[in-house]
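Right, one structure below, let's go through it.
Labels below follow one simple rule: chain letters A, B, ... track the order of the sequence lines, proteins then strands, and each chain is numbered from 1. Remember, predicted model here, so these are calculated numbers, not experimental data.
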2 protein chains.
Amino acid sequence: MSGTGERVTIKDVAARAGVSKGAVSLAFNHKPGVSEATRERIFAVARELGWAPSATARSLSSQRVDIVGLALCRPARLLGLEPFYMDFISGIESVLAERSCSLLLRLVRDLDEEIALYQEWWRGRMIAGAILVDFREDDPRVPALHRLGMPAVAVGHPRLTGTFPAVWTDDASATAEAVRYLAALGHRRIARVGGPADLGHSAIRTRAFADTVRELGLEEARQIATGFDEKEGARATRTLLLAADRPTAIVYDNDIMAVAGAGVAAEMGFTVPDDLSLLAWDDSQLCRITHPTLSAMSHDVHHFGAEVARVLFDVLNGVHTGGHQVPTPSLTPRGSTAPAPGV
Amino acid sequence: MSGTGERVTIKDVAARAGVSKGAVSLAFNHKPGVSEATRERIFAVARELGWAPSATARSLSSQRVDIVGLALCRPARLLGLEPFYMDFISGIESVLAERSCSLLLRLVRDLDEEIALYQEWWRGRMIAGAILVDFREDDPRVPALHRLGMPAVAVGHPRLTGTFPAVWTDDASATAEAVRYLAALGHRRIARVGGPADLGHSAIRTRAFADTVRELGLEEARQIATGFDEKEGARATRTLLLAADRPTAIVYDNDIMAVAGAGVAAEMGFTVPDDLSLLAWDDSQLCRITHPTLSAMSHDVHHFGAEVARVLFDVLNGVHTGGHQVPTPSLTPRGSTAPAPGV
DNA sequence: AGCCCCCTGTTAACCGGTAAAGCTGTAATT
DNA sequence: AATTACAGCTTTACCGGTTAACAGGGGGCT
């Protein structure tokens with residue numbers, strides 16, 4: 001009971017197998033220098049003794065770590081709510097796991113805390129590199145972390161991510177596609193409920209949205225910046241629908257807000273999609289469980305995460321990979337979009 | 001540009017401050033043995049040089065690690081969908097962060113992989129302890145990990161978690177409360193859509209549900225075991241509603257399935273809550289964004305996670321804490337429950 | 001003056017691996 | 001037979017901290 005406390009080390013294995021520490025190390029790292037017979041004997045002993053090399057000691061001497069860091073800076077309750085993150089993380093994991101690498105996760109309150117955390121992690125040699133998300137315009141992390149010299153991938157448009165290799169989706173094109181689709185259905189007053197204005201991709205979408213609306217000669221579009229959560233999504237929807245010139249279609253920046261918007265529409269007596277079309281973003285499973293199901297700009301978040309992890313490995317291996325663009329979110333029409341009323 | 005590569009170590013700091021490595025170590029660990037003046041000088045130099053102690057080296061020599069592990073064994077797509085996990089993780093984080101401890105996360109495919117992972121993590125001294133979730137009846141992790149001697153907290157009923165200190169909610173009482181509530185509304189045919197039968201807490205709820213139904217003299221209850229995701233939740237709901245003796249109320253084991261169930265009900269022409277009452281579990285924000293809002297057995301998952309982390313720290317500090325019961329989920333009536341039709 | 005003590009610091013031995021350099025014995029080459 | 005080549009190990013010096021043991025020096029006390 002209560003573990004002997006004496007943990008077995010490479011020395012024990014070496015002694016038991018009748019070889020030196022060095023031989024055990026060579027064997028376990030599949031390096032030449034030990035015969036097949038000896039290698040097998042060493043493995044047998046290791047299994048018998050229940051030994052695994054100490055990652056700590058290994059990384060101290062080899063200067064390598066098998067951990068990558070991810071700091072998320074969003075209010076805790078939002079993280080729980082948004083399917084995006086877990087999907088993204090599971091995508092990252094799928095790539096990390098096959099290289100027996102682990103993910104170090106931490107939630108932080110603000111960017112300063114995030115920068116401090118990365119400094120601690122990197123200087124403390126706890127991580128080999130990091131994944132940076134949620135870029136803002138003139139993000140303070142770009143200079144700070146670049147100064148650190150820490151390898152990292154940035155999730156966001158290259159314009160925002162500075163010196164870090166970027167992985168991103170073409171939000172501008174996707175936004176344009178969304179607007180064109182709704183316009184093709186006859187909608188002339190289209191509104192958008194976006195994320196926080198200081199978030200880089202929100203800004204990109206806002207611009208693309210306005211540009212496309214102008215280009216198609218639609219009526220001046222109303223866009224509302226929110227905090228990404230369901231309350232703000234609901235409020236924004238209410239605001240839009242109460243206006244005299246209420247829109248006949250609304251595009252949301254994530255699916256949480258779209259679902260909340262659908263609730264508000266129902267509550268206010270609008271029928272989706274007959275009176276009002278709704279178009280979500282990200283397209284998690286959430287869009288498929290509501291009634292009516294939500295049309296969305298869909299986007300394989302799991303693969304996105306996987307691609308990010310792959311690029312990070314390239315960076316860690318010194319492969320100088322440029323930016324990687326992941327497939328543009330594409331329209332997945334479902335039950336929440338239909339021709340504009342009276343068309 | 002491109003980081004000098006030369007990372008600063010304790011030796012550099014010591015040299016620059018004109019003291020020995022030992023002095024720097026003492027200063028940074030706030031141990032007696034250095035004067036206030038020297039301590040400050042050392043800190044100043046460390047700041048100037050941008051040094052932070054190497055966690056790797058530190059844990060190699062001090063035999064301590066500031067990382068705890070969490071392996072999740074659920075299909076990736078479900079993880080993304082279920083708000084539970086992120087909420088739970090953010091609760092854990094809130095406690096870890098204040099002790100500057102990080103969370104090592106990994107998704108695994110099955111229990112064998114999970115056991116192997118913990119062995120690797122523990123023997124490799126990567127983690128100080130672990131958080132175990134999703135216990136099954138006769139869970140193979142109990143003997144395997146107990147043999148490892150790894151400190152851990154178990155999330156689940158003590159009957160299932162064996163030798164590990166447990167943190168759990170009283171699912172039996174909560175289930176009973178749910179049934180009593182619906183019975184009080186006049187429902188006589190109540191069904192339940194549960195999680196996988198081999199999951200420990202599903203089994204507990206199943207039993208409690210059947211017991212309470214019998215105790216109240218309600219009609220024989222139909223319970224369906226599913227895989228926790230929205231598709232199975234929808235299918236189970238369809239099955240229940242197509243039966244000749246369809247229930248007038250359904251209890252779901254998580255909110256995903258409840259939302260899916262609401263969709264199915266609408267699609268089949270039932271009005272919630274007039275024709276059919278629905279009661280969810282876990283009560284994430286998801287229950288508040290649907291229309292009508294979902295009544296739920298609510299449960300502060302964030303606090304649950306925090307409590308789990310706290311107990312883990314107790315274990316790590318040798319405090320022999322018994323099992324901790326977290327407040328029983330309590331009924332939060334919203335728009336999806338109402339008196340049975342004709343009452 | 002002599003002694004002891006405490007405060008401040010140094011030294012050196014670890015922690016458990018990795019990796020380069022060194023050392024065998026045997027087989028191949030000349 | 002002598003030289004070389006090389007597979008197969010061993011030795012040893014790190015990696016960057018922690019920590020116990022030890023040293024110098026000033027002040028208080030007798």
Side-chain angles (χ1 to χ4, degrees), chain A residues 5-43 45-46 49-67 100 120-128, chain B residues 5-43 45-46 49-67 100 120-128:
Chain A
E6 297 314 317
R7 291 166 75 173
V8 22
T9 77
I10 197 174
K11 223 186 327 189
D12 304 315
V13 175
R16 192 78 199 276
V19 294
S20 68
K21 290 200 307 177
V24 177
S25 176
L26 291 177
F28 254 77
N29 292 300
H30 298 99
K31 292 193 177 172
V34 282
S35 67
E36 197 49 44
T38 312
R39 185 187 307 279
E40 273 174 23
R41 187 155 38 90
I42 291 174
F43 273 95
V45 171
L49 263 44
W51 177 77
S54 155
T56 304
R58 192 206 287 261
S59 69
L60 178 57
S61 75
S62 69
Q63 309 281 45
R64 281 180 289 104
V65 207
D66 282 336
I67 302 183
S100 51
E120 187 193 319
W121 275 354
W122 174 246
R123 293 178 174 160
R125 293 152 173 78
M126 289 183 66
I127 58 172
Chain B
E6 297 312 316
R7 293 165 75 172
V8 22
T9 76
I10 198 175
K11 222 187 325 191
D12 304 315
V13 176
R16 194 80 200 280
V19 294
S20 67
K21 290 200 307 177
V24 176
S25 177
L26 292 177
F28 253 78
N29 292 299
H30 298 97
K31 292 194 177 174
V34 284
S35 67
E36 195 50 43
T38 313
R39 185 187 307 278
E40 273 173 22
R41 185 154 40 89
I42 291 174
F43 273 96
V45 171
L49 264 44
W51 177 77
S54 154
T56 304
R58 193 207 285 265
S59 70
L60 178 57
S61 75
S62 69
Q63 309 281 40
R64 280 179 290 103
V65 205
D66 281 335
I67 301 182
S100 51
E120 187 192 319
W121 275 354
W122 174 246
R123 292 178 175 159
R125 293 152 175 77
M126 290 185 65
I127 58 172

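- Between A/F28 atom CZ and C/dA19 atom P there is a gap of 15 Å when expressed in whole angstrom units.
- For A/V34, whose side chain is taken as the heavy atoms from C-beta onward, the closest listed nucleotide among D/dC15, D/dC9, D/dT19 is D/dC9.
- Among the heavy atoms of the strands, none lies under 4.0 Å from A/S59.
- Mapping B/R41 and B/R125 onto DNA chain C by nearest heavy atom places B/R41 closer to the 5' end of the strand.
- Within 4.0 Å (heavy atoms only), B/S25 reaches at least one base atom of the nucleic acid.
- Side-chain proximity of B/S62 to the nucleotides D/dT18, D/dG16, C/dA19 is greatest for D/dT18.
- Regarding B/D12, its CG atom lies at a distance of 11 Å from the P atom of D/dC15, rounded to whole Å.
- Considering only side-chain atoms of B/A57, the nucleotide from C/dG9, C/dA19, D/dG17 that sits closest is D/dG17.
- D/dG16 atom P lies 20 Å from atom CG of B/L26, rounded to whole Å.
- In plain terms, the two heavy atoms of A/A27 and A/R39 that are nearest each other are O-NH1, 3.1 Å.
- Helix bend of the helix from C/dA1-D/dT30 to C/dT30-D/dA1: the angle between its two end axes, each built from five pairs, comes to 50° after rounding to 10°.
- As rounded to whole Å, 10 Å separates atom P of D/dT19 from atom CD of B/Q63.
- Between B/S54 and D/dC15 there is no side-chain N or O to OP1 or OP2 distance below 4.0 Å.
- The distance from atom CZ of A/R39 to atom C1' of D/dG8 is 11 Å, rounded to the nearest whole Å.
- Taking every heavy atom of residues 15-24 of chain B and every atom of DNA chain C, pairs under 4.0 Å involve B/V19, B/S20, B/A23, by number.
- Put simply, CD1 on B/I10 is 13 Å from P on D/dC15, counting in whole angstrom units.
- A/I67 and A/M126 get closest at one heavy-atom pair: CB-O, 3.5 Å.
- Taking only side-chain atoms of A/R64, from C-beta outward, the nucleotide of D/dT18, C/dG16, C/dA19 with the closest atom is C/dA19.
- Relative ring orientation between A/F43 and A/F28 is described as parallel, the plane-to-plane angle staying below 30° on a 0-90° scale split at 30° and 60°.
- In this structure, CD1 of B/I42 is placed 12 Å from C1' of C/dT10, rounded to the nearest angstrom.
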